[in-house]
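The structure under discussion appears below in the form of structure tokens.
In each ligand, atom 1 is the first atom listed, and ligand 1 is the first ligand listed.
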Amino acid sequence: MYNEKVLELFKNPKNVGEIEGANAIGKVGNAACGDIMQIFLRINDKGIVEDASFQTFGCAAAIVSSSVACDIIKGKTIEEALKIENQEIIDILGGLPEHKIHCSVLAKEAIEDAIANYRKAQNSNK
Ligand code: FES
């Protein structure tokens, strides 16, 4: 049911594990299946995402989507990172089965959670 590109990336996902010096961490769960996704970001003082990684207890679609999402947001400002569209992730993957689309949303949601947590921490340090 997955295309070749997805299967290849599932076998060799990028951006896996916790990055050193992560200062923004987001965690979301998928209510439909109970899977969990964590995103780690290192954001510099100019608000640019220097590095991004993920850990997930999820299916292949969740893993490949997170791998791609981390690639997309690296080097972007946090405002730009918040604007990533799920469709962009799916297009890069060459498509996902319809019933797996909900899994791919986890990465975007986890990034939003990480940035919200980062902003909260920034504000409480002021
Ligand atoms: Fe749970 Fe895909 S089935 S994230």
For this session: I would like to know whether I25 and I39 meet side-chain contact (heavy atoms from CB on, under 4.5 Å); could you show each step before the answer?
Result: CA-CA 6 Å; I25 299 174; I39 288 273; over 6 Å; no
Exercise. Could you walk me through whether I63 and F54 pass the side-chain contact (heavy atoms from CB on, under 4.5 Å) check?
Worked result: CA-CA 8 Å; I63 289 169; F54 75 95; 4.1 Å; yes
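When distances to atom 1 (Fe) of ligand 1 are checked against a cut-off of 2.8 Å, C103 contributes no N, O or S atom below that limit. Residue C59 counts as close to atom 2 (Fe) of ligand 1, with an N, O or S atom under 2.8 Å.
For the ligand labelled ligand 1, residue K100 lies inside the 4.0 Å heavy-atom shell.
Interface of C33 with ligand 1, defined as ligand atoms under 4.0 Å from a residue heavy atom, comprises 1 (Fe), 3 (S), 4 (S).
Under 4.0 Å is where a charged nitrogen must lie from a carboxylate oxygen, and between E88 and K76 no such pair does.
With atom 3 (S) of ligand 1 as the reference point, the heavy atom nearest to it among V105, L106, D35, L96 is part of D35.
Separation of atoms CZ (R42) and CD1 (I48) is listed at 12.5 Å; rounding is to 0.5 Å.
Counting all heavy atoms, side chain and backbone alike, S53 lies closest to I19 at OG-N, 3.4 Å.
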